[in-house]
Enquirer: 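Quick one: this structure, given as structure tokens, is what I'll be asking you about.
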Amino acid sequence: MDIQQLEGLVKQMTLEEKIAQLLQLTAHFHEGTDNEGQVTGPMEEMGITEPMVTASGSVLGLSGAQAVIDVQQSYLKKSRLGIPLMFMADVVHGFKTIFPIPLAIGCSWDLELAEKSAEIAAKESAVSGIHVTFAPMVDLVRDPRWGRVMETTGEDPYLNGLFARAFVKGYQGNDLQEETDRLAACVKHFAAYGAPEGGRDYNTVNMSERQLREQYLPAYKAALDEGCEMVMTSFNTVDGIPATGNEKLMRGILRDEWGFEGVLISDWASIREMIAHGAAEDDREAAYRAIRAGVDIEMMTPCYVRHLPELVEGGKVDEALIDEAVLRILRLKNKLGLFENPLRAADPEREKEILFCEEHRSVSYELAAKSSVLLKNNGVLPLQAGANVALIGPFAQSNDILGWWSCVGEKEDAAPLAAALKERFDGTLVVSEGCSIDSMTPDQLEAALETARNADIIVLALGEESAMSGEGGSRTDIRLPKAQLELLKWLKKLGKPMAAVLFNGRPLDLHGIFDEADAVLEAWFPGSEGGAAIADILLGRVNPSGRLTMSFPQSVGQVPVYYNHFNTGRPMDPSKSDERYVSKYIDSPNDPLLPFGFGLSYTKFEYGDLTLSSGEMKAGEPVAVQVKVTNTGERAGVETVQLYIRDVAGEVVRPLRELKGFVQLELQPGESKTATFTLTEEQLRYHHSDLGFSSDPGAFQVFVGSNSRDTLEASFRLA
């Protein structure tokens with residue numbers, strides 16, 4: 001259909017039909033599902049009628065090719081105008097084949113592989129009937145207490161933006177109508193959802209507009225610049241107004257300033273939640289505020305269908321607002337080719353061939369291997385062939401390694417670490433649970449100690465169960481559960497070399513682990529092939545190359561702690577530890593335990609010969625930055641060379657360091673390569689106090705190194 005035909009379709013619709021197109025319901029309401037007609041409990045309280053369901057525009061959470069086909073065909077038989085449904089789901093890091101959690105994917109620093117993971121997730125979803133994924137989540141995060149840090153790629157706006165673009169490209173491809181194995185992407189959560197007070201999910205967000213624009217908005221904008229078709233509102237307030245009813249944010253910035261013409265959808269029930277926020281008295285006012293803000297689709301509350309008709313008829317809401325929302329929805333359905341092919345790629349036979357196929361699992365393995373971060377190693381890894389190894393801990397034989405948002409992935413499909421190690425290891429491997437996630441019995445402890453006494457080396461498999469992070473998974477204590485720390489203490493008494501492997505969804509307070517273990521490998525929730533990937537890293541078949549994209553704190557008392565912070569008027573001088581009246585803690589270092597960009601390898605890399613092409617930059621005349629990197633170890637490895645800058649004196653204060661580029665070098669033992677970066681004046685711009693976006697003449701520092709802390713330094717001036 002062309003735009004004129006779509007506009008004509010809108011004109012044929014009654015007001016009630018148009019408003020129903022704005023309603024998204026779960027599959028329970030639709031004929032063709034196992035529980036059709038059973039609209040009971042809370043759903044009955046919604047006051048949804050059969051005509052509303054018959055005219056509703058989209059379905060949430062249904063998948064499976066035959067199920068989607070049944071619902072779509074049943075729906076179209078009743079649809080007066082033959083407008084097909086859109087099917088949407090949270091395909092966050094894989095559909096059936098599960099990839100590492102997004103925070104782990106960020107630690108790969110591999111944009112091509114991230115894009116490939118989204119392409120595979122789209123293919124599996126599309127053949128199962130899905131049209132839209134609620135991903136990528138690009139919220140910038142600085143507080144590991146918040147459980148949803150697992151869904152983002154970290155604390156840096158530049159890097160998050162690059163991954164946002166990669167994910168959108170992977171999901172959507174180049175042409176949604178022609179490429180039926182792709183999905184429309186929905187960037188979320190707009191805006192600043194990743195900055196809740198106290199790290200508590202859904203909590204208040206409060207920051208200046210300058211900070212919002214500087215740190216939090218760039219990644220959403222990057223996703224839209226890549227052509228992302230949909231945006232989801234966030235649960236939180238922005239400048240005291242819930243995002244779902246925030247006209248300045250949604251119409252002012254998103255629509256008018258950025259020119260976004262796609263679909264804006266509420267998060268689950270977030271329109272009605274304006275009442276609890278204290279921004280609306282009732283459903284009627286919530287509907288009024290949301291439609292005025294430009295929200296096109298209401299997810300799982302009835303404020304629109306029950307109150308927009310009266311608001312339009314009473315002159316409170318211009319029907320043109322309804323028409324533009326409906327037209328945006330129809331435009332997306334048209335881009336997906338649903339008017340010509342309402343079943344799109346849904347195919348039960350092809351579904352059997354594609355889901356969890358070997359090709360997809362191999363990419364999951366590769367990404368799990370590249371996402372794991374070696375945090376410490378005193379020479380005990382990799383494991384030596386022929387060694388006697390004790391694998392101990394609640395994650396030794398656990399398949400709870402997919403993470404909170406694992407879509408239709410099944411834990412049973414994930415091979416545990418123990419099984420993968422047994423299959424690969426040329427030595428003796430004895431396995432003991434040691435403890436459960438959060439408890440330990442005397443028998444478990446004794447069995448673990450007996451297993452460890454006969455071993456040459458102990459490998460501990462520790463972590464959080466998946467429900468301890470993710471949505472609603474905020475924690476004030478981000479250490480491992482006490483039982484696991486107690487197990488480690490007992491095993492430490494044996495005096496054996498000990499390596500810890502961590503399965504978790506957030507940066508942890510590693511006290512009791514980092515200081516006690518000889519090696520620490522951060523595996524995150526590594527997905528379907530995580531057991532195999534981690535086993536190959538432990539055995540040295542894979543040289544770890546992951547680098548942190550979120551800082552690990554010394555303790556929760558430092559939080560939020562992040563690399564790109566401001567200086568103070570009284571900065572601490574590390575050489576003067578006895579100074580009191582400076583910005584510091586009296587019981588902890590200021591710096592994180594492990595900084596952004598950090599990660600070790602089984603080889604070593606040496607940096608030298610940092611040079612700038614000029615000591616002065618002018619507009620239109622970039623400065624080239626070069627550094628020589630040498631593999632001084634005995635194994636081939638990949639080094640992620642990172643470029644940071646500091647604007648020494650700005651109109652408003654600038655971060656001590658800002659990531660501006662990176663390159664991954666694959667180096668053989670003894671090999672040297674030169675990493676080259678180009679710095680332009682555009683990269684030096686920032687939001688000033690008047691929100692203008694420009695650079696300041698003056699001094700700049702350049703830092704290049706293996707992470708945000710350990711760098712070489714040079715400088716130049718911007719003329």
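Counting begins at 1 with the first residue of the sequence.
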Enquirer: If only side-chain N and O atoms count, and only distance matters, is there a donor-acceptor pair under 3.5 Å linking D400 with S398?
Expert: no

Enquirer: Do side-chain atoms of H93 reach the backbone of F99 as a donor and acceptor pair under 3.5 angstrom?
Expert: yes

Enquirer: Should the heavy atoms of other residues, nucleotides or ligands under 6.0 Å from NZ of K604 be counted, would the total exceed 12?
Expert: no

Enquirer: Between T603 and N631, do the side chains contain a donor N or O and an acceptor N or O under 3.5 Å apart?
Expert: yes

Enquirer: Are there over 12 heavy-atom neighbours, none belonging to E412, within less than 6.0 Å of that residue's CD?
Expert: yes

Enquirer: Which salt bridge (charged side-chain N to carboxylate O under 4.0 Å, His left out) pairs, counting each pair once, include a residue from residues 659-670, with sequence neighbours left out?
Expert: none

Enquirer: So that I know where these two stand, are W109 and F662 an aromatic pair - ring centroids less than 6.0 Å apart?
Expert: yes

Enquirer: Would you say L103 and F525 make side-chain contact, with heavy atoms under 4.5 Å?
Expert: no

Enquirer: Does the side chain to side chain contact (heavy atoms under 4.5 Å, CB included) test come out yes or no for L508 and L480, once each step is laid out?
Expert: CA-CA 7 Å; L508 297 170; L480 283 181; 3.9 Å; yes

Enquirer: Report yes if some heavy atom in the side chain of T549 is under 4.5 Å from a heavy atom in the side chain of F596; otherwise report no.
Expert: yes

Enquirer: Taking salt bridge (charged side-chain N to carboxylate O under 4.0 Å, His left out) as the cut-off, I'd like each qualifying pair that reaches into residues 149-160, sequence neighbours left out, listed once.
Expert: R148-E151

Enquirer: In terms of side-chain geometry, is the basic nitrogen of K96 or E410 positioned less than 4.0 Å from the acidic oxygen of its partner?
Expert: yes

Enquirer: State plainly whether the residues E606 and K628 are in salt-bridge range, i.e. N to O under 4.0 Å.
Expert: no

Enquirer: Please tell me if the side chains of L539 and D426 come closer than 4.5 Å, counting only heavy atoms from C-beta onward.
Expert: no

Enquirer: If we only count heavy atoms from C-beta on, is the P595 to Y563 side-chain gap below 4.5 Å?
Expert: no

Enquirer: Among residues two or more places apart or on two chains, list those pairs meeting salt bridge (charged side-chain N to carboxylate O under 4.0 Å, His left out) that have a residue in residues 368-379.
Expert: D110-K370, E366-K370

Enquirer: When you check the gap from the basic side-chain N to the acidic O, do R709 and D591 get nearer than 4.0 Å?
Expert: no

Enquirer: Assess, by modelled atom type and distance only, whether the side chains of Q701 and D647 contain a donor and an acceptor separated by less than 3.5 Å.
Expert: no

Enquirer: May I ask you to establish whether K493 and W490 are in a cation-pi arrangement, using a distance under 6.0 Å from NZ or CZ to the six-membered ring centre and at most 45° from the ring axis?
Expert: yes

Enquirer: Check whether any side-chain heavy atom of I457 sits under 4.5 Å from a side-chain heavy atom of M498, and report yes or no.
Expert: no

Enquirer: Judged by modelled atom types alone, do Y216 and D139 share a side-chain donor-acceptor pair under 3.5 Å?
Expert: no

Enquirer: So, T674 and Q626: side-chain donor and acceptor under 3.5 Å apart, yes or no?
Expert: no

Enquirer: Hey, does Q484 have a side-chain heavy atom less than 4.5 Å from the side chain of I437?
Expert: yes

Enquirer: Begin with the C-alpha distance, continue with both residues' side-chain angles, and end with the deciding distance and a verdict on salt bridge (Lys or Arg N to Asp or Glu O under 4.0 Å) for R424 and D536.
Expert: CA-CA 8 Å; R424 291 162 167 78; D536 281 345; 2.9 Å; yes

Enquirer: So, N160 versus T153: side-chain donor-acceptor pair below 3.5 Å or not?
Expert: yes

Enquirer: Heavy-atom distance under 4.5 Å between the side chains of L367 and I105, does that happen here?
Expert: yes

Enquirer: For Y562, does the six-membered ring have the charged nitrogen or CZ of R142 within the cation-pi criterion, i.e. under 6.0 angstrom from the centroid and within 45° of the normal?
Expert: yes

Enquirer: Given salt bridge (Lys or Arg N to Asp or Glu O under 4.0 Å), test R506 with E464 step by step and report yes or no.
Expert: CA-CA 9 Å; R506 56 161 55 83; E464 304 175 304; 2.6 Å; yes

Enquirer: Using a 3.5 Å distance criterion without hydrogens, assess whether the side chain of E124 forms a donor-acceptor pair with backbone atoms of G94.
Expert: no

Enquirer: Validate the cation-pi geometry between R654 and Y686: distance from NZ or CZ to the six-membered ring centre under 6.0 Å, angle to the ring axis within 45°.
Expert: yes

Enquirer: Does a donor on one side chain sit under 3.5 Å from an acceptor on the other, for R657 and T711?
Expert: yes

Enquirer: Check whether any side-chain heavy atom of M617 lies under 4.5 Å from a side-chain heavy atom of S614, and answer yes or no.
Expert: no

Enquirer: For the CD atom on Q384, are there more than 12 heavy atoms of other groups (residues, nucleotides or ligands in this structure) within a distance under 6.0 Å?
Expert: no

Enquirer: Cut-off 3.5 Å, side chains only: do E639 and Y607 have a donor facing an acceptor?
Expert: yes

